[in-house]
Amino acid sequence: MIAVLLILIPLLTGLAGFAINRERGSRNWAVLSSVITLAVMIYGVTMAQGKQLGVDTTWLPQLGSRFALNLDGMSKMLCLLTAVAFPLIFIATYKNTYTNPGKFYALMLLSQAGLMGVFMAVDCLVFYFFWELALIPVYFLCSIWGGEKRIAATFKFFIYTFAGSLLMLVGILYLYNLTPDHSFALSSFYKLKLSASQQNFGFWMFFIAFAIKMPIFPFHTWQPDTYEQSPTAVTMVLSGIMVKMGVFGVLRWLLPIFPDAVSKFSNVIIIFSIIGILYASLIAIKQDDLKRLIAYSSIAHLGLMSAAIFSQQRIGIEGVMVQMFNHGIVVIGLWIVADAIERQTGTRKFSQLGGLAQKAPGLAILLVLMAFANIALPLTNSFVGEFLMFNGLFRYNPWMAFTAGTSVILAAVYTLGMIQKVFYGSVNTATENSIEANSNIRWVLIILAIGIIILGVYPQPVINLTKDTVDHLITQIQL
Amino acid sequence: MNLIYLVPLFPLLGFLINGLFRKSLSKSLIGIIGSGAILASFIVSIILFNDVRTNGSMIVSYFNLLDIEAFKIPFAFQIDQLSVIFLLIITGIGFLIHVYSTAYMNDETNEHFGRYFSYLNLFVFSMLLLVMGANYVIMFIGWEGVGLCSYLLIGFWFKNNTYNYAAKKAFVMNRIGDLGFLLAVFWILAKLGTVNYGEVFASTVKFSASDITGITLLLFVGACGKSAQIPLYTWLPDAMAGPTPVSALIHAATMVTAGIYMIARSNVLYTMAPFTQTVVAIIGLATALFAATIALKQNDIKKVLAYSTVSQLGYMFLGLGAGAYTGAVFHVMTHAFFKALLFLGAGSVIHAMHHEQDIRNMGGLKKHLPITHISFLLACLAISGVPPFSGFFSKDEILAAAYLKNPIFYYLGAIGALMTAFYMFRLYALTFLGKFRGTEEQHHHLHESPSAMTIPLIVLAILSVVGGFIGIPEIFAPDAHMLEKFLHPIFAQSDSIKELHHLDRSTEWMMMGGVSVLIIVVIIIAWRKYSRTEQFVASHGIARTLENKWYVDELYDNVIVRPVTGLGSVLKNVVEKAGIDGAVNGVGRFVHYSSRQLRLLQSGQVGNYILFMVLSIVVLFLVFWNQPQIAHFLEKIF
């Protein structure tokens, strides 16, 4: 029942949230809802050991689709990330004002429900349904509450992801028709014995959808615009959690269903991923906009995850599991700082910033910590993930690991450049009236910082949590 | 023994306390906590040293940093002869630098004072992790940790953007080396599935020859970054942007010695890779000479010292490359004494001169700063290798080993030693001898530093003078090389692999005597020349090239930095905008059209539309539940 609750709580509170018009009320409603979800999730991960967490009831028997949810390690980890992230996002952006706040928060909660469903679905039709439920609210969130160029950005985002979704739908129906018992169940898809050409076709249908979502070079151009134009709370959801839908999709659907096609195309995809890593890192070096810098940095990090997955090494996939969680924590922290800076100074342009460390030393220290987590310094959480992922890539091909590895140097260049341009140097007209960020922001950042250090020193909980998924996946690939 | 964890714990606590409560603690309390933490570690280190001497090495494992199917990486410390020597150097000299800092940084506000000491403690903590770790991953944690701390401390005065630039440069150059280190770790893991020193060195048979060469070369790339060797040395001279005690810490007790430690630790692998050893020796020698030439013409007191560090580190690598692991560690130790002394002495001078660093504006400080002067002179004698000061013994050991590797290495190394003597005494004479060349106001304020600064100078001066006696060579007294005996277990495996050569005694006497005499001659020349200098003329030709450090920074800027950032610009402005995005441009026109439609939608009751839409999805979802007819219909479509 836990699985159903994780969807129902945000779904129902979200729907009810449309009726709330008062600003304070709607915020508190969202915080309350997300905290309850988090409590249920924590109960699900810790207390309910060995109990049946999922659900499997009839939905469309004639179509062979069942309302089936399951929580394996990877699902638990990603649902936990979703459950942890939403209350933190709500609290950190608590002081932000929106027109029609009730609707804003309602849509956010609906999106959360969609995300939970995506991560738990073990029926392809259910998966597709939640995939869309997660995305559709975001279209509205961006286009209504976004920045100046929000409409253009939203449409780019919409076109890309919608195209991806359609291809995926084609892929799903294609596979569905191949199943002997006409079923949408994940297990039936796993049992398919596909010929090489069938694998190739299905592979690309799914892959493009996931590649757009992650995003993998050259499908990434929607991302910087969308991240820049969306309201920051939405950007946090997009980059902290939603990009993991793509990674998750690859691990849950692509690898096990099309193992031969994965082996066949892995080389090409890894090369594109590595190009993307370096490409995004180089662009990040030249960025003058804080949000776009974080966006490109995120593209580089996701590129590494993609390369690690397609290197098909156990150790690399373990790294991806760890990194999916950790990247979410770090990138949300970075967005919170970026938002705080923009609200203080009215700008995100490095050329106009400087000297903030004198005005907001607390925020400066927290950003420095987030920044060093972003470049995977040891004893921060990202190190473990990157260490394992590079390790996997090295086993696949040392030269590729070396080429991708140069990104750790480039990451240092742009991340330290960011710190320098925003916080160091002398104060100027834009920054002279800045003060320390509000206590909500600081507390959320402190919580994230503690998480970063703890998981950096002792990453084993995430590894143990996702071990069953990795075990299962490895046996499937090897078949 | 279960005291081991205390060694890094004290500085970590010091970092946390001073870092978190820096606003509420008084300066003297901050100083006591900061210095006391290191003193406590030093005391524990002495206990551990005695323990190792009687009981040998020990490994303590606390928990698994990583525990996956492919390998386990324990969070474990290894205390043996090599690491305990480094512990003593790091905490002992680190403590003196902390004490010195309490006076040197006293002008800072409470908050910055606390920040400074917390960074300093974190620096020592990282360095302790680096040398105490029982495997390459723990070493790597400390390895990157010292990189972080140097970044924070070099850019300590963050209002100044040149300092920030120097800090960033240090970190990025270190990262280049770190990538090499990391790839070596992956290589070891892929072959052996373990990174624990003991297991790696015991299973070298599983490596092919090319594996060992590749791994050792990659590790050496890491060492080049951290220990400032060609081509990754340019960050170290710029790193003097930080407060002067920090330079002392970076150059003497922590950071730059990490590369030496790593290769000494991996000596078994290096001994099995003769090609790498030759590369190490050549790079070391080239760095030693190259940096020495630059040091000849520098006018900033800290720059001269910085290049002398680069040069001395080159000697240590020459020693490592020649297989003289003990000699290299020995030189790390003596160098730590006199280089810490030189930097702290320079700090005392800068303090007295009100932040003047140009030696052309100094001179005649001898009578105003008596303690600083004497200790600085002793340090100069030690670094120049004048017998019987400490540098003589360690440098001699390295040069003797270089001779055995290749006599040319020896001759070039000896030339470098002469240059060392020359630029050190040029520095000494211009600073302390002759007439005062600064402003009247500076002259008026000249004063000896407070005792918190002079006492560390005195202690270090004593160590610089007598420190060499723990490594007395065979020809003076048989069996008197205490350090070699102590370190023997660490290098025993290497010794068993390589064939041992010995210099015959007459050659050794000749070499030692000849070089010593030449060094003293050079010192006298420099002394006479620069104690009388009063006018400085702009330099030309080669001297100008040296003054501009062979234009290496400019070279890197034009050959690496600009092309990379230029490529970034092209990707950002051309490829990203026109190329990839252009493919979506067709869609873009559609976007433009549709956006107009969306605006119409927006003018209405947006929220209701959304609510309607989402509700309809949900209703659809529920209606579908067990609706055979619709399902049947859909089935037909499919």
Side-chain angles (χ1 to χ4, degrees), chain A residues 15 18 58-63 100 103 107 110 129 133 136-137 140 143-144 151-152 155-156 159 173 176-177 218 221 279 282-283 285-287 314-315 318 355 357-358 372 377-379 384 390-391 394-395 398 401-402 405-406 408-409 412-413 416-417 420 423-426 458-460 463, chain B residues 63-64 66-70 111 140-141 144-145 148 151 155 158-159 161 164-165 168 171-172 175-176 178-179 182-183 186-187 189-190 564-565 567-569 571-572 576 580-581 584 587 591 594-595 598-599 602 606-607 610-611 613-615 617-618 621 624-626 628 631-632 634-635 638:
Chain A
L15 289 174
F18 281 108
T58 49
W59 182 32
L60 298 166
Q62 289 73 15
L63 276 181
N100 286 324
K103 277 142 202 156
L107 285 168
L110 289 180
F129 169 79
L133 180 64
I136 290 168
F140 288 99
S143 63
I144 297 170
I151 303 297
F155 257 85
K156 208 165 166 185
I159 298 289
L173 296 178
Y176 168 75
N177 271 327
T221 53
Y279 178 89
L282 285 168
I283 290 181
I285 290 176
K286 292 306 280 185
Q287 276 304 331
R314 184 192 171 100
I315 180 169
E318 281 166 325
Q358 293 156 60
F372 277 98
L377 198 81
L379 298 187
V384 186
F390 275 121
N391 227 316
F394 187 89
R395 284 170 194 221
F402 166 73
T406 51
V408 306
I409 302 163
V413 175
L416 299 187
Q420 182 179 345
F423 281 102
Y424 297 161
S426 39
Y458 194 65
Q460 212 58 40
I463 294 172
Chain B
F63 63 92
N64 277 329
L66 263 178
D67 179 3
I68 57 174
E69 211 177 77
E111 197 183 336
F140 187 75
I141 293 172
E144 287 242 295
L148 165 73
Y151 168 78
F158 54 74
K159 283 183 208 169
N161 263 328
N164 294 328
Y165 182 75
K168 187 177 146 193
F171 192 85
V172 171
R175 268 254 150 156
I176 297 172
D178 294 354
L179 177 60
L182 210 50
L183 290 171
F186 296 154
W187 199 328
L189 275 175
V564 168
T565 54
L567 181 60
S569 290
L571 294 181
K572 171 175 175 250
E576 184 79 349
I580 294 169
D581 233 12
V584 201
V587 182
V591 167
S594 320
S595 63
L598 193 84
R599 268 203 292 278
Q602 276 194 301
V606 181
I610 303 161
L611 179 62
M613 181 164 175
V614 177
L615 269 178
I617 294 176
V618 175
F621 183 69
F624 267 62
W625 202 303
N626 261 336
H632 188 67
L634 278 174
E635 200 179 18
F638 295 145

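In what follows, chains carry the letters A, B, and so on, assigned in the order in which the sequence lines appear, proteins first and then strands, with residues in each chain numbered from 1. Source: prediction; values computed, not measured.
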S.K.: Considering only heavy atoms, which portion of A/Leu416 lies under 4.5 Å from any heavy atom of chain B: side chain, backbone, both, or neither?
M.R.: both
S.K.: Taking A/Leu377, A/Ile285, A/Leu379, A/Ile315 one by one, which has the highest count of heavy-atom pairs under 4.5 Å against chain B?
M.R.: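 Among the listed options, the one with the most contacts to chain B is A/Leu377.
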S.K.: Search all heavy atoms of A/Pro459 against all heavy atoms of B/Leu66 and return the closest pair with its distance.
M.R.: CG-CD2, 4.2 Å
S.K.: I need the A/Ile463 CD1 to B/Asp67 CG distance, nearest 0.5 Å.
M.R.: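 One finds 8.0 Å between CD1 of A/Ile463 and CG of B/Asp67.
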S.K.: Measure distances from B/Ala70 to the heavy atoms of chain A and classify the residue's part below 4.5 Å as side chain, backbone, both or neither.
M.R.: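 Answer is side chain: those atoms of B/Ala70 sit under 4.5 Å from chain A.
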S.K.: Flag the pair A/Pro378 / B/Phe140 as yes when at least one side-chain heavy-atom distance between them is below 4.5 Å, and no otherwise.
M.R.: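 Heavy-atom side-chain distance check passes, below 4.5 Å.
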S.K.: Please state whether the side chain, the backbone, both or neither of B/Leu567 comes within less than 4.5 Å of a heavy atom of chain A.
M.R.: side chain
S.K.: Need one label for B/Asp178: side chain, backbone, both or neither, based on atoms under 4.5 Å from any heavy atom in chain A.
M.R.: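 No part of B/Asp178 comes within 4.5 Å of chain A.
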S.K.: Looking at every heavy atom in both B/Val172 and A/Ile409, which two are closest together, and how far apart are they?
M.R.: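 Minimum heavy-atom separation between B/Val172 and A/Ile409: CG1-CG2, 4.0 Å.
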S.K.: Side chain, backbone, both or neither: which part of A/Val413 has a heavy atom under 4.5 Å from chain B?
M.R.: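 For A/Val413, backbone and side chain are both near chain B.
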S.K.: If you look at every heavy atom in A/Lys286 and B/Gly568, which pair is closest and at what distance?
M.R.: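 The pair with the smallest heavy-atom distance is CG-C, 3.5 Å.
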S.K.: Name the option with the most non-hydrogen atom pairs under 4.5 Å to chain B; the candidates are A/Phe372, A/Phe402, A/Phe390, A/Phe394.
M.R.: A/Phe394
S.K.: Only counting residues at least two apart or in another chain, list the ones meeting side chain to side chain contact (heavy atoms under 4.5 Å, CB included) with B/Leu189.
M.R.: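 Testing B/Leu189 for side chain to side chain contact (heavy atoms under 4.5 Å, CB included), a comparison that skips the adjacent residues, returns A/Phe387, A/Asn391, A/Arg395, B/Phe71, B/Val185, B/Val195.
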S.K.: Test of understanding: with salt bridge (Lys or Arg N to Asp or Glu O under 4.0 Å), list the residues that count as partners of A/Arg314, not counting sequence neighbours.
M.R.: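 With sequence neighbours excluded, A/Arg314 shows a salt bridge (Lys or Arg N to Asp or Glu O under 4.0 Å) to A/Glu318, A/Asp471, B/Glu69, given in chain and number order.
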S.K.: Ignoring hydrogens, what is the shortest heavy-atom contact between B/Asn161 and A/Gln420? Give both atom names and the distance.
M.R.: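 In this case the closest contact between B/Asn161 and A/Gln420 is OD1-NE2, 3.7 Å.
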S.K.: I'd like to verify something: which residue of B/Leu182, B/Asn64, B/Val564, B/Ile141 has the highest number of heavy-atom pairs under 4.5 Å with chain A?
M.R.: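 With the most close heavy-atom pairs to chain A, the winner is B/Ile141.
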